[in-house]
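First comes the structure, then the notes that go with it.
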Amino acid sequence: MTRSPAPSAPPSSPLSAVREFLKLESASGILLVAAGLIAMIAANSPLSAWYDALLQVPFKIQLGDFKLDKPLVVWINDLLMAIFFLLVGLEIKREVVMGELSDRAKVALPAIAALGGMVVPAATYAALNWGDPVGMR
């Protein structure tokens, strides 16, 4: 008879609770969904002026004569999103090379889902804008 592992003791401090949460494999996804929900709520509520102002806050990096001075929204779109998609690509490559997706039969469903994730939004947009030549361009 095998014994199941004993449940871990409740965290003794808020910092240890954060550490335990970050050990979860799904922690980054949970944080990403939470940040997206908070952003959508803020952008579509009376907080929208504050949210827009936050995105326009200038953020500067300077090394000698070289400087990058852009609003926060540009840093998010150009830098953080590039890092995010790099990490996603590396994770997919690892799974294809030596993980769950290394078997052709197991890769079929995620590949079809990814294709559908590109085709369905494009087809929906085209269907809604079919009569608008500017929108279709």
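Counting begins at 1 with the first residue of the sequence. What you see is a predicted model, and the numbers here were worked out from it, not measured in a lab. Side-chain atoms are counted along with the backbone in the values below, which use heavy atoms only and exclude waters and symmetry mates.
- Placement of Ile30 and Leu37 in two distinct hydrophobic clusters is found when ILVMFWY residues are connected by side-chain heavy-atom separations under 4.5 Å, directly or transitively.
- The side-chain heavy atoms of Val73 and Gln56, taken from C-beta on, include a pair separated by under 4.5 Å.
- Two residues are said to be in side-chain contact when any heavy atoms from C-beta on lie closer than 4.5 Å; Val97 and Ser102 fail this criterion.
- Between Ile38 and Tyr51 there is no side-chain heavy-atom pair separated by less than 4.5 Å.
- Both Val74 and Leu55 are members of a single hydrophobic cluster when ILVMFWY side chains are connected at heavy-atom separations under 4.5 Å.
- One distance of note links CG of Leu32 with OG of Ser26; it measures 12.0 Å at 0.5 Å rounding.
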Practice task
Please step through side chain to side chain contact (heavy atoms under 4.5 Å, CB included) for the pair Ile61 and Trp75, ending with a clear verdict.
Solution key: CA-CA 11 Å; Ile61 294 178; Trp75 286 97; 3.5 Å; yes

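- Side-chain contact between Phe66 and Leu68 is present, with at least one heavy-atom pair separated by less than 4.5 Å.
- Judged as a salt bridge (charged side-chain N to carboxylate O under 4.0 Å, His left out), the pairs with a partner in residues 104-118 (not counting sequence neighbours) are, in order, Glu100-Lys106.
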Practice task
Apply side chain to side chain contact (heavy atoms under 4.5 Å, CB included) to the pair Val120 and Thr124, showing each step before the final yes or no.
Solution key: CA-CA 6 Å; Val120 170; Thr124 303; 4.1 Å; yes

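- Asn77 and Met81 get closest at one heavy-atom pair: O-CB, 3.4 Å.
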Practice task
Take Phe84 and Val88 through the test side chain to side chain contact (heavy atoms under 4.5 Å, CB included) and record every step on the way to the result.
Solution key: CA-CA 6 Å; Phe84 170 76; Val88 167; 3.7 Å; yes

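- Hydrophobic clustering, with ILVMFWY side chains joined whenever heavy atoms are under 4.5 angstrom apart, keeps Ile76 apart from Met40.
- Atom CZ in Arg137 sits 12.5 Å away from atom CG in Asn129 (nearest 0.5 Å).
- Open room surrounds CZ on Phe59; 12 or fewer heavy atoms of other groups in view lie less than 6.0 Å from it.
- Under the 4.5 Å side-chain heavy-atom criterion for grouping Ile, Leu, Val, Met, Phe, Trp and Tyr, Phe85 is not connected to Leu115 through any hydrophobic cluster.
- Pro121 and Gly116 get closest at one heavy-atom pair: CD-O, 3.7 Å.
- Atom CD in Glu91 sits 9.5 Å away from atom CG in Leu101 (nearest 0.5 Å).
- Leu31 places a side-chain heavy atom less than 4.5 Å from the side chain of Leu22.
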